[in-house]
Protein chains: 2
Amino acid sequence: MGKRGKSNRFNVFLNYKLWLSSMSGDGIISEEVYTLLNGIRDKGSLKAAAEAADISYRKAWGDLKQAESMLGYDLTEKTRGGKKGGHSELTPAAKKLLEAYAALQEKLDDAVEEAYLELKKKMEN
Amino acid sequence: MGKRGKSNRFNVFLNYKLWLSSMSGDGIISEEVYTLLNGIRDKGSLKAAAEAADISYRKAWGDLKQAESMLGYDLTEKTRGGKKGGHSELTPAAKKLLEAYAALQEKLDDAVEEAYLELKKKMEN
DNA sequence: TGCCGTTATGCAAAGATAAACATATCGGTA
DNA sequence: TACCGATATGTTTATCTTTGCATAACGGCA
């Protein structure tokens, strides 16, 4: 047998979750909302985005509404009726938010990864 | 009136939450468990720690048990009966975990703060 | 040995969260 | 104008989480 590492391997994963909240803490924009916005951008409707995210339309609609009310401006432009029954698309502000969020997530992913390796090292000593 | 910043102030806060999980994702060590461990260290009993954290003893006990089962080793040494009815104290492993976690949290707090400022700047342009 | 306060644990009740269901509205198009 | 499919929203059900209650075991101490 060759040598090997300590036997108490710290065999767990570090996860994290981000969200934006209002000062009062009532409304939140969770990662779910970002998923929805991405879906809306890709599919052109909240219904399709909700299905893709595997959450009920009712909840998706409520979450989006709450996010918009919290920010104080719209993230989507919605229309009812029309050839395809209606559709939703992102406002410029939403597009900016998605971009900014992606950058933020990448940066934090790196920070978490780094912190995790340190945690692990400490726990294996 | 002098000049002032853009009016669409991005007036929300960035929050984050950390937790450790097993590969399968079933068991987790949430921030709550860290709070409990801190409480146990300070007060010497799970009951007191649960009260301080404002969660039911039932849940605190269950969470702790789950965390220990996930890690595969004990985080607390418990005794029943005795002069004060019983008590709990941290194992060396738990102390190490708390230390490592505090360092991790500090590091990530900084990273999040930094990322938030960037996000904000982007959203205000 | 009976009491106290804590750990330990099952089970029922209560609360929170999300899904499901039910309609209504809208505006192109057949 | 009737139909389609998506938005919009209230109401009811189901699910998931947490609390609360009950009860047992334990071991110093009066």
Side-chain angles (χ1 to χ4, degrees), chain A residues 15 17 19 21 25-70 73-91 94, chain B residues 15 17 19 21 24-37 39-70 73-91 94:
Chain A
N15 313 278
K17 193 191 245 185
W19 71 99
S21 71
D26 47 344
I28 64 164
I29 299 187
S30 63
E31 229 144 308
E32 197 180 80
V33 172
Y34 295 103
T35 305
L36 281 176
L37 292 178
N38 268 303
I40 290 172
R41 186 196 47 202
D42 294 348
K43 324 233 172 201
S45 92
L46 176 57
K47 186 171 190 290
E51 270 162 19
D54 206 42
I55 59 179
S56 68
Y57 172 84
R58 188 64 181 75
K59 174 160 159 49
W61 175 82
D63 288 353
L64 182 58
K65 184 175 183 175
Q66 179 193 238
E68 292 179 329
S69 122
M70 193 192 97
Y73 50 78
D74 285 354
L75 293 169
T76 57
E77 209 165 306
K78 307 105 173 165
T79 64
R80 286 198 287 193
K83 51 193 164 193
K84 309 190 77 178
H87 77 281
S88 298
E89 62 186 301
L90 300 188
T91 60
Chain B
N15 314 276
K17 194 190 246 187
W19 71 98
S21 72
S24 51
D26 47 345
I28 64 165
I29 299 187
S30 64
E31 229 142 307
E32 197 180 79
V33 171
Y34 294 104
T35 305
L36 280 176
L37 292 178
I40 290 173
R41 186 196 48 201
D42 295 347
K43 324 234 171 201
S45 92
L46 176 56
K47 185 170 190 289
E51 270 160 21
D54 205 42
I55 59 179
S56 67
Y57 173 84
R58 188 65 182 76
K59 174 160 159 46
W61 174 82
D63 287 354
L64 182 58
K65 184 177 184 176
Q66 180 193 240
E68 292 179 329
S69 121
M70 192 193 98
Y73 49 78
D74 284 354
L75 293 169
T76 58
E77 207 165 307
K78 306 106 174 164
T79 64
R80 286 197 285 193
K83 49 193 164 189
K84 309 191 76 178
H87 77 280
S88 297
E89 61 186 301
L90 301 188
T91 61

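We name chains A, B, ... by the order of the sequence lines, and we start the count at 1 in each one.
- DNA chain C is contacted by both A:Ser56 and A:Lys83; A:Ser56 maps to the nucleotide lying nearer its 5′ end (nearest heavy atom per residue).
- In this entry the distance linking CD of A:Glu68 with P of D:dT9 reads 11 Å, nearest Å.
- With values rounded to the nearest 0.5 angstrom, B:Leu46 atom CG is found 13.5 Å from B:Glu89 atom CD.
- Between A:Ile55 and B:Trp61, the residue anchored closer to the 5' end of DNA chain C is B:Trp61, taking for each the nucleotide with the nearest heavy atom.
- More than 12 heavy atoms of other residues, nucleotides or ligands shown are found within 6.0 angstrom of CG on A:Asp42.
- Checked for salt-bridge contact, B:Lys59 and B:Glu32 meet the test: a charged N lies under 4.0 Å from a carboxylate O.
- Environment of NZ in A:Lys78: crowded, with over 12 heavy atoms of neighbouring residues, nucleotides or ligands closer than 6.0 Å.
- Side-chain nitrogen and oxygen atoms of A:Lys84 include none within less than 4.0 Å of the OP1 or OP2 phosphate oxygen of C:dG27.
- Of all heavy-atom pairs between A:Thr91 and A:Glu77, the closest is CG2-N, 4.2 Å.
- The B:Tyr57 side chain lies nearest to C:dA8 when the options are D:dT7, C:dA8, D:dT18.
- Between B:Ala60 and A:Gly86, the one whose closest nucleotide on DNA chain D sits nearer the 5' end is A:Gly86.
- The CD atom of A:Glu32 sits 8 Å away from the P atom of C:dA19 (whole-angstrom rounding).
- Residue B:Lys78 has no polar side-chain atom (N or O) positioned under 4.0 Å from OP1 or OP2 of C:dT7.
- One atom, CD1 of A:Ile28, and another, C1' of C:dT17, lie 12 Å apart when rounded to the nearest Å.
- Whole-Å rounding puts the B:Asp63 CG to C:dA8 P distance at 14 Å.
- Side-chain atoms of A:Arg58 come within donor-acceptor range of the base of D:dG10, with a qualifying N/O pair under 3.5 Å.
- Contact between the side-chain N/O atoms of A:Ser88 and the OP1/OP2 oxygens of D:dT7 is found at a separation under 4.0 Å.
- As rounded to whole Å, 9 Å separates atom P of C:dA8 from atom CG of B:Asp74.
- Remark: P of D:dA6 and CD1 of A:Ile40 are 13 Å apart, rounded to the nearest angstrom.
- Counting to the nearest Å, the P atom of C:dT6 and the CD atom of B:Glu77 are 19 Å from each other.
- Between the NZ atom of B:Lys43 and the P atom of C:dT6 there is a distance of 13 Å, given to the nearest Å.
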